[in-house]
Amino acid sequence: MSIRLEITDLKKVYAGNTPETVIDVFDGMNFSIQQGQIFSIVGPSGCGKTTLLRLIAGLEEKTSGGILLDGKSLTGCDEQVGMVFQEYALFPWRKLVENIEVALEIKGVDAAVRRTMAMQYVRDFGLEGFENAFPKELSGGMKQRVAIARTLIANPQVVLMDEPFGSLDSQTRNVMQEFLLKIWEERKDTILFVTHNVDEAVYVGDRIAVLSPRPAGILKIFDVGLDRPRNRTGKEENRIKSDILQLLNASAAVRPPS
Amino acid sequence: MKGKRIIPPIMLLLLWQLLSATGVIPAFKLPSPVQVAAGLADLIGTGMPPGHLLHLHVYYSLQRVLLGYALALATAVPLGLLMGWSRTVCAMIEPLVEIVRPIPPLAWIPLSILWFGIGIKSAAFIIFLGAFFPILLNTINGVRGIEPVLIEAARMLNAGRRFFFLNVLVPGAMPSILTGMRIGIGVGWMSLVAAEFTGVRQGYGLGYMIMTARDIQRSDEIIAGMLVIGAIGLGIDACLQLAERYLIRWR
């Protein structure tokens with residue numbers, strides 16, 4: 001398997017007016033993601049997980065370091081990188097199917113063709129019967145399925161997911177995790193999955209990077225290596241979870257919360 | 001519920017009629033509802049000045065309003081989108097807007113007549129000025145009120161500038177634009193009637209009609225004319241509300 005995304009010595013500093021207000025988000029981060037893998041990132045809230053995704057997405061500018069996609073440096077928003085937001089970010093004035101096909105519309109795909117393609121996603125994602133509904137009429141889980149479909153229909157090389165199930169209740173959350181894995185089994189997208197939920201990180205991830213508080217660095221990368229479907233409370237799963245929690249607790253104890 | 005709404009106006013009309021009939025309110029100051037109704041019939045049938053029928057006054061007034069309003073819409077919405085989107089453009093144009101905005105549209109009448117003469121152009125210009133600023137400010141606010149995550153989503157989808165303006169900014173700002181349009185047409189309509197007080201070449205227009213009625217002291221026709229102005233304003237707003245219900249049904 002080849003490396004799809006490589007992060008080398010990535011730094012992000014928010015300039016402040018005084019030395020005290022300078023924020024060092026991360027100071028030299030390194031990791032790489034294999035093609036077709038789900039790479040989970042967990043870390044304490046405020047540690048810069050979202051900032052990391054936003055840098056890769058091109059929504060914010062890095063201070064220094066490298067973000068390489070298939071060996072080539074990424075600059076700005078690139079159509080090879082897709083993003084799924086926690087807040088869904090569906091266009092409220094577009095019907096469900098119009099939200100899914102928006103990426104194709106931007107690429108200039110013929111209206112009839114893109115509608116046919118979008119309807120295929122509507123069926124595959126279990127959204128049939130709602131294609132003409134506006135986002136306000138959909139449940140949280142449905143909205144996030146639309147958002148995932150909208151991202152995947154463009155076939156990006158890397159899919160960034162920023163706490164995608166963070167606003168859902170735990171029941172829906174489990175259903176969505178399984179749904180995501182089902183879709184992934186068929187397509188083998190390369191996914192960078194940010195979450196603060198350790199259970200979730202272990203359940204979906206092939207590898208899990210554990211981040212320290214700010215300035216964030218990678219404490220450890222776990223290779224899960226368990227077959228899917230996984231057991232949410234399996235022995236090996238629980239062992240990894242407790243290792244991660246221990247790491248997070250230890251790193252939180254080093255620096256008292258400010 | 002709906003029935004209750006018409007009780008207060010009917011009570012008022014009855015009271016008004018009673019006070020007029022008993023002579024508490026002198027007819028030359030305020031004619032009775034029945035007299036006003038007769039005045040309205042005169043405006044429709046005979047016209048004021050005679051021969052200048054009500055529907056033609058309405059026609060000319062609406063024509064002026066629509067021209068000025070269309071111009072305001074065609075300029076204020078694009079400018080508002082630009083100012084709402086770009087801090088630089090906004091910083092450049094805002095001082096000018098803030099100086100011109102507090103000037104009442106009616107204060108422009110002398111200049112307007114000087115520039116455009118007496119006629120539809122000068123009246124439309126006054127309406128343009130009245131409608132322009134509410135639409136502009138609401139469009140700017142509408143753009144600024146769009147959720148940032150939607151703008152980021154559009155960037156992640158690689159939206160080009162054209163797609164972004166037409167398919168993100170315009171629909172995102174639409175609720176606010178429509179509010180501006182409703183305020184704008186109201187201000188425009190009010191300005192129009194006043195603009196027509198100062199004279200119109202064709203001898204038509206609701207404002208002109210009312211001023212002519214005043215010259216010959218037909219207060220019944222003055223009040224009837226005022227009511228027609230109110231009713232048309234109400235009708236225009238109802239049309240915009242209908243448009244609103246359709247255009248932002250996604251809300």
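All heavy atoms count here, side chains included; hydrogens, waters and symmetry mates do not. Below, chains carry the letters A, B, ... as their sequence lines are ordered, and counting in each starts from 1.
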ask   = Tell me, side chain or backbone of A/Glu79 under 4.5 Å from chain B's heavy atoms, or both, or neither?
value = both
key: Flag side-chain contact, heavy atom, 4.5 Å: A/Phe91 against B/Asn167   = no
A/Arg123 atom CZ, neighbour heavy-atom count above 12 within 6.0 Å = yes
task = Could you look at A/Ala57 and say if it's the side chain, the backbone, both or neither that has a heavy atom under 4.5 Å from chain B?
result = both
Heavy-atom pair count under 4.5 Å with chain A, highest-scoring of B/Met174, B/Met156, B/Glu147 = B/Met156
query = Between A/Gln86 and B/Val149, is any pair of side-chain heavy atoms under 4.5 Å apart?
reply = no
request  = Give a yes or no on this: more than 12 heavy atoms of other residues, nucleotides or ligands lie within 6.0 Å of atom CZ of A/Phe179.
outcome  = yes
request  = Please round to the nearest 0.5 Å and tell me the distance separating atom CG of A/Leu59 and atom CD1 of B/Ile151.
outcome  = 11.5 Å
remark   = chain B shares the most heavy-atom pairs under 4.5 Å, among A/Lys107, A/Glu105, A/Glu87, with A/Glu105
task = Give the intermediate values and the outcome of side-chain contact (heavy atoms from CB on, under 4.5 Å) for residues B/Glu152 and A/Met83.
result = CA-CA 9 Å; B/Glu152 293 186 339; A/Met83 176 98 146; over 6 Å; no
task = Of all the heavy-atom pairs spanning B/Asn158 and A/Ile106, show the shortest one and how long it is.
result = O-CG2, 3.2 Å
inquiry  = Let's go through A/Trp93 and B/Leu150 carefully: what are the C-alpha distance in whole Å and the side-chain angles of both, what is the deciding distance for side-chain contact (heavy atoms from CB on, under 4.5 Å) to 0.1 Å, and is it a yes or a no?
reply    = CA-CA 11 Å; A/Trp93 48 85; B/Leu150 293 182; 4.0 Å; yes
key: Residues of residues 242-251 of chain B within contact distance of chain A, non-hydrogen under 4.5 Å   = B/Arg249, B/Trp250, B/Arg251
request  = Identify the two heavy atoms, one from A/Phe85 and one from B/Ala153, that lie closest to each other, and give their separation to 0.1 Å.
outcome  = CE1-CA, 3.7 Å
ask   = Which bit of A/Arg94 is near chain B, if near means a heavy-atom gap under 4.5 Å: side chain, backbone, both or neither?
value = side chain
query = Does atom CG of A/Asn17 have more than 12 heavy-atom neighbours from other groups under 6.0 Å away?
reply = no
message = Please determine whether the number of non-hydrogen atoms from other residues, nucleotides or ligands lying under 6.0 Å from atom CD of B/Glu98 exceeds 12.
response = yes
